[in-house]
Each structure stands twice: as C-alpha cells, then as structure tokens.
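Just so it is clear, the structure is predicted and the values come from calculations on it, not from any experiment. Proteins come first, then strands; the chains are lettered A, B, ... in the order of their sequence lines, and each starts at number 1.
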There are 2 protein chains.
Amino acid sequence: MRKMRADARRNYERLLTEAESAFRTYGTDASLEDIARRAGVAIGTLYAHFPTRQALLESLLRERNDVVVAKADELLGELPADEALAAWARSVTAHTAAFRGLATSLMSSFDDESSPLYGACQAMTAAGERLVAGAREAGAIRPDASASDLFALIAAAAWVRETVSDEQAERLLTFMLDGLRRTATSPAW
Amino acid sequence: MRKMRADARRNYERLLTEAESAFRTYGTDASLEDIARRAGVAIGTLYAHFPTRQALLESLLRERNDVVVAKADELLGELPADEALAAWARSVTAHTAAFRGLATSLMSSFDDESSPLYGACQAMTAAGERLVAGAREAGAIRPDASASDLFALIAAAAWVRETVSDEQAERLLTFMLDGLRRTATSPAW
DNA sequence: ACCTGAACACCGTTCAAGT
DNA sequence: ACCTGAACACCGTTCAAGT
C-alpha cells in the first residue's frame, strides 16, 4: 500500500471514489465494469486491486467502520448505558443503510471467516459487546440478549430501511430496541 | 387455466413442482434453466407459462398464501388478541423463511402494484390488519403500530432467519414482537 | 395451441500481451 | 510493476420454426 507506484495508487483511489458513488446509487450490486470505466481504468485493473466485490466493499468501509467502533466507546462515556446502546444502534443502522445490499452482505459475512467483511463484522460486534455489557449491568436489557442479537437487529433494521419510508424505518427500529429492553411486565407471549 | 391442453397442464404442474424444490434448495434465485430441465421441458415453455420469475413465485405461493390468511381469522377466534397476533406472526415468518430470498421479494413487492406478488402482500396485510385491530382494542400493542409495521417485522424476521440459527431467529422474533407490545414503563429511548 | 432450442444479450472474470 | 482489453464463461430471455 505504501510502496504502490504513483499511477497505481491514483487508480486505486479513483476506483474507491467511483465505487462509493456507484454503490450509493445502485447498491452493492452495481456494475463493476461501470465503476472501472468511470474511474478511467480497464476492468482488469479493478480486479488487480480488488479481487472480489466484497474486497472492494471492505476497503470502502474501512475508515467508516473505525469511526463507528470508536463512537461506541464515546457514547458509553457520555450517556447512560441504555441510551448509549440505542444511540449507537441508530447510528450504525443509518450507516449500514447507505448502500442498498450492504445489510445483506454484512449479515452473511458475520459467520463467514473467509469473507473480507468478516473483520468488519467482528469489530462491530466487539463494540456492540461493550454496549450490551454496560446495558446489562444497568439492568436495562434482557439478560439473554447478546451482541450478536444486537448486530442482527441492526442489520434487519437497515434491511427494511431499504424499502420503507424513513419514518416507518425509524418506528420499526424503536420497536426492535424496545424489544431488547427488560420489560417491567414479563411478556405473555 | 381450465381450458389448458392436457400436455400443457402437465408441464405447468411439473414446472411448479420443480420450482418449489429448486427454490427450497437454492432460494428464489435458483436457475430457471435448471427448473425447466428437471421438469422435462425446454426453457421457452417455462417462459410461456410464467413470464417472470415473480409470476412463477406467485403461482407457487398462491395456495399457501390462502392458508396463511385463513389462519389469521382462526387464531383470532381461538386466542386472546395479543396471543393470536404473535402466533400468526410466528407462523407467517416460518412460511416466509421457506425460500431464501422470499422475504426480500415480498418486501419489495409490498408497495409495487405492478408486481405479481403485490396481491399476496395485500392479502397478508389485510389479514394482519384484523389481528392488529384486535390487539389494539385489547390494549395489547402500541397504538402507533400498523399492519404494515407487522408485515415489515415479519419480513425482517424471515430475512434474518436465512442466516442465523433457529434458536437465535426465534429469540429475535420474540424481541420484535415484544417491541410491538404496549410497554408498562414508557421507554426512555 | 403449445413446444423446442438456437440465437442473442448482458455481465462477470481471466489472462496473454503490452508499457 | 502495473495496465489493457479481447476472450471466455455463464445465464437469462426471445422468437422463428416445428408439431
């Protein structure tokens, strides 16, 4: 990465820029040929830098992912555990909904060590783990709720957001987060 | 449909049988060529009977869908409104999780009148409407929860089920349904 | 009236040749 | 060391010809 030739580095950056814009517009299934063309390189160059679509996605999410993980700890320092958890979930959901198809990619990479996105999933889960632990200590969530549950709910919320209105998406996420809370009355269901 | 030639009718049935099995195994993206081959017909015959993949899916779900809708009213007669709602949601979620990709197809057809699956979505939502109305009258769910919220939650639950273990899927659906309930303590979030 | 399957289109992926 | 783009592969879809 450091030792890349100047033109190679420039192509790499351009590819990332165009991929970002294409994924944002067309979702994670956007045409790779298109991305290469817009970046002004041949399709082979794209493959040379990013052997798979998921690898491209991973590079694209790298920085953003660091921000998300850092935010978990910030929130944990600023807010009561339950509010920190909810705020983080909302923020990660919004981030995940940026590209149509991303929720599906992340969800299917969660358990797949061979996926380039596996690391991102792990990092997100680890961050969620701290929030869940805090909320659990505060008695704010059900004791049986895990960080992987939180991950799945966030992914699900981002997934529905791809289709429904922002208002409805917001409401549904609220429902899901409330479902995670420890309810005063134990549920009849 | 009534007046189909005998060989045509047989091909039609075979195609449905093979589609069912292919979708169950490979998800709703299963190869149509494969389905035609297994049904012993040429690919053109499949297209003659089912102009689009969604049309094939719709024919496949038709009977099953009637059962699901009928079940809503049955449950409503047998159980308290909130339990009926939950039982129905569990059953529809299981049904929707039968084919990988079905949740996505249904979700994206919900608002798309031109989709062959639009009718199925409407029927499901109408059935859900009765359950939601009953539960709302009983004061068992949040007053702002709608039938389309229920639809979305069911779809989301079916979607996560495609990836996570059955246990976790079960737990997550419970969380979601609890989130729909009217909570004694108004949520801090 | 229905079926066949070659032909076309589209897109992802590879790799020999070039700079 | 990196890039190019033709070639290959795969699959969905159409339609002229056949029964």
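Counting only Watson-Crick or G-U wobble pairs whose defining distances are both under 3.5 Å, the stems of 3 or more consecutive pairs in DNA chain D are C:4-8 with D:12-16, C:12-16 with D:4-8.
Checked by atom type, the side-chain pair B/T174/B/R90 shows a donor-acceptor distance below 3.5 Å.
Atom-to-atom, CZ of A/F50 to C1' of C/dT13 comes out at 16 Å; the value is rounded to the nearest Å. What separates CG of B/L32 from P of D/dT14 is a distance of 11 Å, to the nearest Å. One interatomic measurement links the two molecules: CZ of A/R37 to P of C/dC10, which rounds to 13 Å at whole-angstrom precision. Rounded to an integer number of Å, the gap from B/I35 CD1 to D/dC11 C1' is 13 Å. In this entry the distance linking CD of B/Q54 with P of D/dT13 reads 11 Å, nearest Å. For A/R10 and D/dC3, the CZ to C1' distance is 12 Å, given to the nearest whole Å. Taking atom CG of A/L56 as the reference point, atom P of C/dG12 lies 12 Å away to the nearest angstrom. Nucleotide C/dC3 holds its C1' atom 12 Å from the CG atom of B/L46, rounded to whole Å.
Salt-bridge check for A/R62 with A/D66: failed, with every basic side-chain N at 4.0 Å or more from each acidic carboxylate O.
Between A/W159 and B/W159, the ring-plane angle classifies as parallel under the 30° and 60° cut-offs.
Distance from the side chain of B/Y47 is smallest to D/dT13 among C/dT14, D/dT4, D/dT13. In this structure, of D/dG12, D/dA1, C/dC3, it is D/dG12 that holds the atom nearest to the side chain of B/E33. Nearest to the side chain of A/H49, among D/dC3, D/dG12, C/dT13, sits D/dC3. When distances are taken from the side chain of B/I43 to each of D/dT13, C/dT4, C/dT13, the shortest belongs to D/dT13.
Because its NZ or CZ atom is not both nearer than 6.0 Å to the ring centre of B/F99 and within 45° of the ring axis, B/R53 does not count as a cation-pi partner of that residue.
A distance of 6.5 Å separates CG of A/L117 from CG of A/L61, quoted to the nearest 0.5 Å. Interatomic distance, B/D149 CG to B/R142 CZ, rounded to the nearest 0.5 Å: 10.0 Å.
At the heavy-atom level, A/A48 lies nowhere under 4.0 Å from the strands shown.
A sub-4.0 Å separation between OP1 or OP2 of D/dC11 and a side-chain N or O of B/S31 is absent.
With DNA chain D read from its 5' end, the first of the two nearest nucleotides for A/R5 and B/T45 is the one closest to A/R5. Mapped onto DNA chain D by nearest heavy atom, A/V41 and B/D29 fall at different nucleotides, with A/V41 at the one closer to the 5' end. When each of A/R53 and B/N11 is assigned the nucleotide of DNA chain C bearing its nearest heavy atom, the one mapping closer to the 5' terminus is B/N11.
Within 6.0 Å of CZ in B/R171 there are more than 12 heavy atoms belonging to other residues, nucleotides or ligands.
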